[in-house]
Amino acid sequence: MTDPMPGLTGPRARHGSTLGQPLTRRDGVLKVTGAARYAADNHPPGMLYAVLAVSRVARGRVTFLDVEAARAVPGVVEVMTHANAPRLATDPDEKTNPFAFRLNVLQSDRVRFPNQPIAVVIAETLEAATEGAERLAPRFDEEPARAALDDGEVFTPAVVGAGSPADVAHGEVEAGLGAASHRVEATYDTPAQYHNTMETHAVVAAWDGNRLSLDLPSQALAMTQMRLGQLLGIMPGDIHIRSPFLGGGFGSKAGVSGPQLLGIMAARLLGRPVKLVLSREQAFGPVGHRAPTRQTLRLGADGEGRLTALHHHTRTATSSFDDFYEAASGASHSLYASPAIRTSHDAVRLDTGTPTFMRAPGEAPGSLALECAMDEMAEACGMDPLAFRLANYAEVEPMTGRPFSSKALRECYEQGAARFGWAGRPLAPRQMRDEAGLLVGWGMGTATFPALMFQGQARAVIRADGTGLMETGAHDMGQGAWTALAQVAADGLGLPIDAVEFRAGSSDLPDAGIAGGSAHMATAGMAVHEAAAAAIARLADLATGDERSPLFGAGNAGVVARDGRLVRRDDESRHESYADILARAGVAEIEGRGRAARDPAAGADYAMHAHGAVFAEVKVDPELGQIRATRLVGAFAVGRVINPRLVQSQLYGGMIWGLSFALHEKAVVDRRSGRVMNANLGEYHVPVNADVPPMEAILVEEHDPYVNALGIKGVGEIGITGSAGAIANAVRHATGTRVRSFPIGLADLLA
Amino acid sequence: MPLSITLTINGEPRRIDLDDPRVTLLDLLRERLDLTGTKKGCDRGQCGACTILVDGRRINSCLALAISHDGAEILTIEGLARGDALHPVQQAFIAHDALQCGYCTPGQIMSAVGLIGEGQAGDDPERVREGMSGNLCRCGAYAGITEAVIEAQRALTSDAEKAA
Amino acid sequence: MNRFDYVRPSSVSEAVAAGAEPGSAFLAAGTNLLDLMKGGIARPTRLVDVGRIPGLDAIETLPDGGVRIGALVRNADLAYHQEFARRFPMVAEALLSGASAQLRNAATTGGNLLQRTRCPYFYDTASACNKREPGAGCDALAGENRQHAVLGWSEACIATNPSDFAVPLAALDAVVEIEGRGGRREVPLTDFHRLPGDTPQIETVLAPGELIVAVRLSADAAAFAGHARYLKVRERTSYAFAVVSAAAALRIADGRIEAARLALGGVALKPWRAREAEAALAGASPGFESFQEAAALALAEARPSGDNAYKIELARRVIARALTLAAAGTPERLPALPGSPFASGGSLHD
């Protein structure tokens, strides 16, 4: 395999890595020169272009496709429809595990959502394939679409999110509400949102007999390899997936998508390599989305502003043919102390693609509703929003009574509020104006996200020349895995970062687990850490057991690895280089393997969460309603920070997603057809540069001995939580209007 | 009409026989000339990932037919550095972590080079934000992008002053 | 995208001859046409590339003090043309509030005036749209129509015109120079776009093969330069179409309004000139009351075409604010956020 990261050990690389250093991205040069190759940048010899034709109806059957017209287009090689698509070894509707989502890959004429693929046109050029797909002029036997939360029969799913129970209670919620001095009941609506990774889902597939070579952006290489093996009836080990860079993932690239599988099937059908890239519009359907929610919060508080009860109910939607439920109520599990808490969910089935994990799944909409409701209650109690949250600070996890493994949320509140200047905030809304007369509002929200960990593996090698190699099938979708994991590797191997070759992003490397749940750094990082430790331990055995080594007999005192040498712990004048140890032992290289997983005992005994506090300023035009966020300050306690530069970027990104959630993003669905009417980046608004205010993300020191040996909690998602609510609350504070349907738009503020 | 055009791409004159009049500059670069640094994010002029300089001006290459641009001078992300020496905008993007997944980055950088060349924004952050608003970044690297553009603008201005 | 023949005429007369043939479409930059072709909404069988016709890319000062803008002048070049921006600041501000820098660098004067609506039902080829397919019906009427027209719409079509540029041009009595096989003619910009009526597929007064060659503004229009603003309310700070916009220009002498020019964007299928409001403003003293009255007059005939009643009230407020900003005087330099309520640079109310 060619090194996907050529040049990284060249003269431009930085020296002096240790944990906690703000190194610049090691893949930075590749990315700023255009040399970083994403899946669709590949072009094997003989490659054909595949273009999807998709359904315009939400439900029904395909009754006609003008295959002849498509074939007549010069350059078109084949048209793959349900009539001639290769059959799969495993039914793509079979649930081999809860996260093996059902795929719509031309195994029947059935249509289950708008933009479902109904044919693939394969041609010598992209232009011919595109024209061929347009010429198919499909006809449908159409059934009525179920498009909105009110359109379906309500049921309670067995589990929500990644497998949590749908309805959980602790204490007596109704009694708590009954005894309350202040009650708030409010319903918040959040729309369907689409991941809209800048890189749409793509695949370049090449078959060689029963071996399959893929360029495919993946947040879960091993899981994808396994699923593809089952579907295609080949050994997973015969599938090689290269995914050195993802143009964004946000949860939508965790498994293989239907369109990508269709590209693979087309390559098999034609016996030639095939490239298939989704158009932007086609990405609104078959590659997942965040489902809409309607959340009802019922809060009670006593005369001192302490919660007596909290009930968070979420109605959401899944597809007609599969199950994923946005676990928005889960946000209320762990954040605020209350003697009675209930979180519940129900759902309807709609004619959409199956929703899936999308950056801060559950927590993003759930935290927004919870933080708004907390703000409404603070106002009902006549309290400052921060004081109200502090009055309800959870010293232990409220649902279980378990201690937190660490929780520096109080420090987050303090540092964030101080930096923002929160103390000057008038209690009543609509009190502040800027020099131009614009309404100014300040709002805040608490951020929280679970500190998860999955299972992962890594392999370390120390070579005869004293350099190191670290291999793990980790995924970099922008978090900075190429850099931060290399820092952990260099640190563990006791080598300068440039003396470590770091390999990732390929399925032939040890399984690093999935890049999701903000757990990748903890998981892959710990695997790397353990692999390095294993390699160093074997090296130490070689040295300390050899009487010719200056380290001989160090046994109990032990050695430390530093700058390519082992150094006796109790006598630093005695040391030996890795190269010398290996040379004398006559060993070409030694290897260490590492496995990472959460310590089950710690996981059972402690509640593990990252926390933060976000403070937002917005300005609103008093007559025109147009809104602009003008300042965002977050303070986050996320355990150990491996690379503060990259962590800050992750937190900024999350905070901008929060801004987007509060003020911009919404799929506009036609109730009659079920089609998304703004399936483009012109009208599905995500923030542009001018929407993004000056930001700060304070990293609050936090040491957590329980989450994992490195103390890493994860930072990829927490930035959204807190931020969306802070901005919504700031709009309320600016205008006096409480908007409960998101995103908040200018029309909501024209009163 | 013969579909043969000449383009100067990153300083190199190239004669190109177009197989189809529908080919956009973006698809020409990516699918026919193996210049895949320029990215396709929407193909409809709504995201800026495909930004290149044509005759010194930043445009969306997805909405430009190759055949209409016979004789044009094109600069793509691949042509920006001088050997190993990165362009000041490229250096500033790395220094300010103005990128995450990197997919929008070539477009952002070419847009920034265009913006600086236009000379309208200077080092005013608000004008830079507005001037860079044609380039979406879904990861949310905007804060770093704004800082990077301002720093590069200052570096280039000071270079120009030294040269003058 | 369907296949097409490609021709590149070297003169206006060649272009006009080529453009008159059935299935032909003029291509300038293509920023709108290629988008429509990729979406299958426009399907020309022949592209007549007018982009290199000599003589159409000049900005000329006319002997009477007016300006003539060649049809191929790029939006950015016009907006950043110092003399033009000084004399017609609200045109420059409108241009710079539209689209993105990349699109403005490509898009042309003529092309901007011919851009098609952003109605999602026009773009979604599976929806019924009388504009795309006469007689098919209008799915926007009972659909997602919060962004649709409140003035001049018909049961056949409730779409809006997305151009920012056209709004101040309408206010300033710009004239469109058109060349066809029958020779050259001129049409006031306010008459150039058509309201939908029963024929929403006919969007402008251009006959097949007719080509915009220039847009003219008179010296009279430049007399408003001291008090001229474009205000554009939108759902993003930048790179978004107008929900409602207004171009407001005043000539003020001795504390009274001598003359007013006012047009609205985002409310109708054409840039909406508000002549009754202008008449009411003439002779009035600039201020809250006269601006409110003007706003009320401008929207007197407005009615919602769906879930968009808010746009009527919003349009009134946009007018009042735009007039307020105009009365306060054109800023020395275009604001950092052109057309934005967040760039007024001073107090909202003087």
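Order of the sequence lines fixes the chain letters, A, B, ..., with proteins taken first and strands second; residue numbering starts at 1 for each chain.
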(request) Inspect the contact between R321(C) and D621(A) and indicate whether a charged nitrogen and a carboxylate oxygen are less than 4.0 angstrom apart. (result) yes

(request) Check whether R672(A) gets within reach of chain C through its side chain, its backbone, both or neither, counting any heavy atom under 4.5 Å. (result) side chain

(request) Mark yes or no for whether K232(C), through its side chain, and G265(C), through its backbone, hold a donor-acceptor pair below 3.5 Å. (result) no

(message) What I want to check is whether the side chains of Y121(C) and D670(A) have a donor and an acceptor closer together than 3.5 Å.
(response) yes

(request) Identify which part of V244(C) has an atom lying under 4.5 Å from any heavy atom of chain A, answering side chain, backbone, both or neither. (result) neither

(message) Under 4.5 Å from any heavy atom of chain A, what part of K38(C) do you find: side chain, backbone, both or neither?
(response) backbone

(request) Look at R61(A) together with D141(A) and state whether they make a salt bridge at an N to O cut-off of under 4.0 Å. (result) no

(message) Does any backbone or side-chain atom of L681(A) lie under 4.5 Å from a heavy atom of chain C? Answer side chain, backbone, both or neither.
(response) backbone

(request) Check whether A142(C) gets within reach of chain A through its side chain, its backbone, both or neither, counting any heavy atom under 4.5 Å. (result) both

(request) Would you mind telling me which of N678(A), T630(A), I627(A) has the largest number of heavy-atom pairs within less than 4.5 Å of chain C? (result) I627(A)

(request) Give a yes or no answer on whether the side chain of R132(C) reaches the backbone of F122(C) with a donor-acceptor pair at less than 3.5 Å. (result) yes

(request) Answer with side chain, backbone, both or neither: which region of R118(C) has an atom nearer than 4.5 Å to a non-hydrogen atom of chain A? (result) both

(request) Say whether, by atom type as modelled, one donor and one acceptor occur between the side chain of N145(C) and the main chain of A140(C) under 3.5 angstrom. (result) yes

(message) Taking R628(A)'s backbone N and O only, do any of them form a donor-acceptor pair with K619(A)'s side chain (distance below 3.5 Å, no angle check)?
(response) no

(message) Please tell me whether S127(C) and R675(A) have a donor and an acceptor in their side chains that are separated by less than 3.5 angstrom.
(response) yes

(request) Name the region of H664(A), side chain, backbone, both or neither, that has any atom closer than 4.5 Å to a heavy atom of chain C. (result) side chain

(request) Say whether, by atom type as modelled, one donor and one acceptor occur between the side chain of N308(C) and the main chain of A149(C) under 3.5 angstrom. (result) yes

(message) Counting only non-hydrogen atoms closer than 4.5 Å, does P74(A) touch chain C with its backbone (N, CA, C, O), its side chain (CB onward), both, or neither?
(response) both

(request) Check each atom of E683(A) against the heavy atoms of chain C and say whether the ones under 4.5 Å are side chain, backbone, both or neither. (result) side chain

(message) Taking every non-hydrogen pair under 4.5 Å, which of E131(A), R135(A), R56(A), Q626(A) racks up the most with chain C?
(response) Q626(A)

(message) Using a 4.5 angstrom heavy-atom cutoff, name the option from V318(C), D139(C), L231(C) with the most pairs to chain A.
(response) D139(C)

(message) Given heavy-atom pairs under 4.5 angstrom as the criterion, report whether the side chain, backbone, both or neither of R43(C) touches chain A.
(response) side chain

(request) On the 0 to 90° scale, with breaks at 30° and 60°, tag the Y684(A)-F284(A) ring pair as parallel, tilted or perpendicular. (result) perpendicular

(message) Under 4.5 Å from any heavy atom of chain C, what part of N680(A) do you find: side chain, backbone, both or neither?
(response) side chain

(message) Is V57(A) in contact with chain C via its backbone, its side chain, both, or neither, using a 4.5 Å heavy-atom distance?
(response) neither

